[in-house]
Protein chains: 2
Amino acid sequence: MDRTSVDAGLLQSRYRLTKQRAAVLRALSDGMHLSAETIHARVRTNLPDVSLGTIYRTLDILRAIGLVQVFSFAGGAARYEAALAKHHHLLCSSCRSLVNVNADGLSDIARDIATQAGYTDIDCALTITGRCSTCSSPP
Amino acid sequence: MDRTSVDAGLLQSRYRLTKQRAAVLRALSDGMHLSAETIHARVRTNLPDVSLGTIYRTLDILRAIGLVQVFSFAGGAARYEAALAKHHHLLCSSCRSLVNVNADGLSDIARDIATQAGYTDIDCALTITGRCSTCSSPP
DNA sequence: CTCTCTGCAAAGCATTTGCACATTG
DNA sequence: CAATGTGCAAATGCTTTGCAGAGAG
């Protein structure tokens, strides 16, 4: 099994690197903002017996280590994403699609605000909600 | 029953102004970022027979009209708030407390980003996550 | 060999919904 | 009085958890 830099994060932690966890990491590096269900489906193509419970347990560990970012919103399952490059999200209120945006200016301002309010360990992943161009234009 | 400017929003809509809905609006104008459970408890002090289902139905209507903002995050119930003055939130990753912040600069940048990406109906309520000063300082 | 991890299935919460009755406009 | 709203309780969807056996180091 080849060990990516992402796997290394797990190895350095107190957690074991199992084939299930490696498969979750692989699934995450393939796609963006995936639901647990989607990750489960992808992992199953290689490991048909993996349970959804294991997916959730793994994602929680990866989040605790800081390898994964989680996004929650009203009326749907949470989305998970490899925490490689920090970025923000545009969430369509109509079709629930997620799009990544890089905006350091936004991060800097947000970080300043939180710092001045006495916050530490600041996570600057912001979600801007709106109606995407596809949903706005007539069919 | 006195009719606040908030009630007016409901009256102008195609929805009826019932005593349950008025009570939910009153509860929302009292506190900030409340959970459905908390709103239910508050409404019950005046209307003991209101069901939780009605609270959810009402909150959904108010959100659809634009009178209420909803905030969701991993591992907890959604929080609801009267959409009077738009502002952002600081969420403590440890104790899950929410604090309001006004930052027009943040809103402006976020709106620009979304606009350039072709988004409309942009909602600039952002949530910055971090560890609040209470949770950071030793006990 | 020990300690951690996994699959399974059941439980847990937050939220939604179908239905018969009550209420609003 | 016609249309909408409500309480109740059951259903749903996402996520977590207890347990006994499997696997990593």
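Throughout, protein chains are lettered first and strands after them, A, B, ... in sequence-line order, and every chain is numbered starting at 1. What's counted below: heavy atoms across the whole structure, side chains too, no hydrogens, waters or symmetry copies.
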For the pair made of CG in A:L59 and C1' in D:dC14, what is the distance, rounded to whole Å? 13 Å
Atom-to-atom span, CG of A:D49 to C1' of C:dT6 - whole angstrom: 11 Å
Compare the minimum distances between each of D:dT6, C:dT15, D:dT15 and the side chain of B:Y80, then state the nucleotide with the smallest one. C:dT15
Could you tell me whether the side chain of B:R21 reaches within less than 4.5 Å of the side chain of B:I61, counting heavy atoms only? yes
To the nearest angstrom, the NZ-P distance between A:K19 and D:dG23 comes to 6 Å
Which pairs with one or both residues in residues 37-74 of chain B pass ring-ring contact (aromatic ring centres under 6.0 Å, His included), sequence neighbours excluded? B:F71-B:H89
Report the distance from atom CZ of B:F73 to atom P of D:dT15, rounded to the nearest whole Å. 15 Å
Let me have a per-nucleotide readout for nucleotides 17-22 of chain C, 5' to 3', with B, S or -, counting only protein heavy atoms under 4.0 Å. BB----
Is A:Q20 close enough to C:dG7 that one of its side-chain N or O atoms is under 4.0 Å from OP1 or OP2 there? yes
Using the test salt bridge (charged side-chain N to carboxylate O under 4.0 Å, His left out), find all partners of B:R131 that sit at least two apart in sequence or belong to another chain. A:D121
Please give, in whole Å, the distance from C:dG25 P to B:R14 CZ? 14 Å
For the helix from C:dC1-D:dG25 to C:dG25-D:dC1, what angle lies between the axis at the first five pairs and the axis at the last five pairs, to 10 degrees? 40°
Length of the line joining B:L17:CG and D:dT6:C1', which is rounded to integer Å: 15 Å
For B:T120, the side-chain hydrogen bond (donor to acceptor under 3.5 Å, both in side chains) test, sequence neighbours excluded, returns A:S136
Pairwise salt bridge (Lys or Arg N to Asp or Glu O under 4.0 Å) hits with a residue in residues 72-87 of chain A, at least two apart: A:K86-A:D123
Please determine whether a side-chain nitrogen or oxygen atom of B:T18 lies at a distance below 4.0 Å from atom OP1 or OP2 of D:dT4. no
Partners meeting salt bridge (charged side-chain N to carboxylate O under 4.0 Å, His left out) with B:R63 (sequence neighbours left out): B:D60
Not counting sequence neighbours, which residues clear side-chain contact (heavy atoms from CB on, under 4.5 Å) with B:T54? List them please. B:Q20, B:V50, B:S51, B:R57, B:T58
Quick check against the 3.5 Å criterion: does A:S107 have a side-chain atom that pairs as donor or acceptor with the backbone of A:A103? yes
Please list all pairs passing the side-chain hydrogen bond (donor to acceptor under 3.5 Å, both in side chains) test where one or both residues lie in residues 90-99 of chain B, with sequence neighbours left out. none
By salt bridge (charged side-chain N to carboxylate O under 4.0 Å, His left out), A:R111 pairs with (sequence neighbours left out) none
Which residues satisfy the salt bridge (charged side-chain N to carboxylate O under 4.0 Å, His left out) test with A:D104, sequence neighbours excluded? none
Heavy atoms within less than 4.0 Å of DNA chain D: which residues of residues 31-42 of chain B have one? Give them sorted by number. none
Value in whole Å for how far the C1' atom of D:dG5 lies from CD1 of B:I61: 8 Å
Using whole Å, what does the distance between atom P of nucleotide D:dT6 and atom CG of B:L47 come to? 10 Å
